[in-house]
There are 2 protein chains.
Amino acid sequence: MLITIDFSSDEAIYMQLRNQIIIAIATDRIREGDTLPSVRQLAESTGVNMHTVNKAYSVLKQEGIVKLDRRHGAVVALDLNKAQALGELKCEIQMAIAKAICKNISIDEVHMAVEEIFNRYKE
Amino acid sequence: MLITIDFSSDEAIYMQLRNQIIIAIATDRIREGDTLPSVRQLAESTGVNMHTVNKAYSVLKQEGIVKLDRRHGAVVALDLNKAQALGELKCEIQMAIAKAICKNISIDEVHMAVEEIFNRYKE
DNA sequence: ATACTTGTTATACTAATACTATCACAAAAG
DNA sequence: CTTTTGTGATAGTATTAGTATAACAAGTAT
């Protein structure tokens, strides 16, 4: 796990952590059952406060991506409720697509954008 | 234009305004050249401060969706730079798709979600 | 000309969020 | 018994969101 923080970014640090971990799982660099660094370790290696890492882990737990355990730390454990995940996905991309429609972007162009992003993760 | 604010929402008020205007354009209820209410009018009708509306309009201006003019107020004026709009779209849906991949959602399921959202706007 | 409306700017204040900093605790591992 | 785990309490700073007033220059209407 190589995680780096851009302190000059306007994106919250705990979201940067959350995003990089999600991308690591999507690209199969982290797998189900793998253990994430402890909050203190990751805080140390990224130069960030312990509670900021803890917040990132809490978000991932809330999203059904990791489980937090006092003995093993944070473990990747995907909650594969597809119906719920699909509902969340639609919510998250809804406004982006509305804006795309305003900009005269066709549905085919959106599909192509989806393909491109998918290919970024699948090898 | 019927705009309402959910004051108990965790979404920022200026983003609620911005989103509803974008949806109104996507659904063709507002069209190119149409004039939006003045910052004071919309602030009055939604029970919100003038500056909050002004911030929403500034965001829409920044996104190339309206033009602000001292004589006519806020006018819908789409900046149809497709390359840029597509780039922004990819940025905005990137993490949502990464998370979907974590949840074992297939690319076809994402395409279907896109279709569903598109149909929400196109009649 | 006068009155009104437009976006815009400035100042000031409150509330909430993000982040940091310490200290501490119970549970599990070595 | 010591270390490491997540977790909680408390406290402080910085930034953002939102409100409240006031004012200004530029355009519109009468």
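Each chain gets a letter, A, B and so on, in the order its sequence line appears, and its residues count up from 1.
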Do B/R71 and D/dG27 have a side chain to base donor-acceptor pair shorter than 3.5 Å?
-> no
Measure [atom1]/[X] against [atom2]/[N] and give the value in whole Å, please.
X: A/R40; N: D/dG8; atom1: CZ; atom2: P; answer: 13 Å
X: A/L60; N: D/dG6; atom1: CG; atom2: C1'; answer: 15 Å
X: A/E44; N: D/dT5; atom1: CD; atom2: P; answer: 12 Å
X: B/Q41; N: C/dC4; atom1: CD; atom2: P; answer: 16 Å

Side chains of B/T4 and B/L2: closer than 4.5 Å at any heavy-atom pair?
-> yes
Give me the residues of residues 32-39 of chain B where at least one heavy atom lies under 4.0 Å from an atom of DNA chain D, by number, or none.
-> none
Which side chain to side chain donor-acceptor pair (under 3.5 Å) pairs, counting each pair once, include a residue from residues 90-105 of chain B, with sequence neighbours left out?
-> A/E63-B/K99, A/E88-B/K99, A/E92-B/K99, A/K99-B/E92, A/E116-B/K90
The remaining residues in the hydrophobic cluster of B/Y14, counting side-chain heavy-atom contacts under 4.5 Å among Ile, Leu, Val, Met, Phe, Trp and Tyr, are B/M15, B/V59
Please write out which residues are connected to B/V75 in a hydrophobic cluster, directly or through intermediates, given that two of Ile, Leu, Val, Met, Phe, Trp, Tyr count as joined at side-chain heavy-atom separations below 4.5 angstrom.
-> none
At a cut-off of 3.5 Å, list every protein nitrogen or oxygen paired with a nitrogen or oxygen from nucleotides 17-19 of chain D, distance to 0.1 Å.
{"from": "D/dA17", "atom 1": "OP1", "to": "B/Y14", "atom 2": "OH", "distance (Å)": "2.7"}
{"from": "D/dA17", "atom 1": "OP2", "to": "B/K55", "atom 2": "NZ", "distance (Å)": "2.3"}
{"from": "D/dG18", "atom 1": "OP1", "to": "B/I13", "atom 2": "N", "distance (Å)": "2.3"}
{"from": "D/dT19", "atom 1": "OP2", "to": "B/N49", "atom 2": "N", "distance (Å)": "3.1"}
{"from": "D/dT19", "atom 1": "OP2", "to": "B/T52", "atom 2": "OG1", "distance (Å)": "2.6"}

Bend of the helix from C/dA1-D/dT30 to C/dG30-D/dC1 from end-axis comparison, five pairs per end, nearest 10°, comes to 30°
Return no unless some side-chain N or O of A/N54 is found under 4.0 Å from OP1 or OP2 of D/dT7.
-> yes
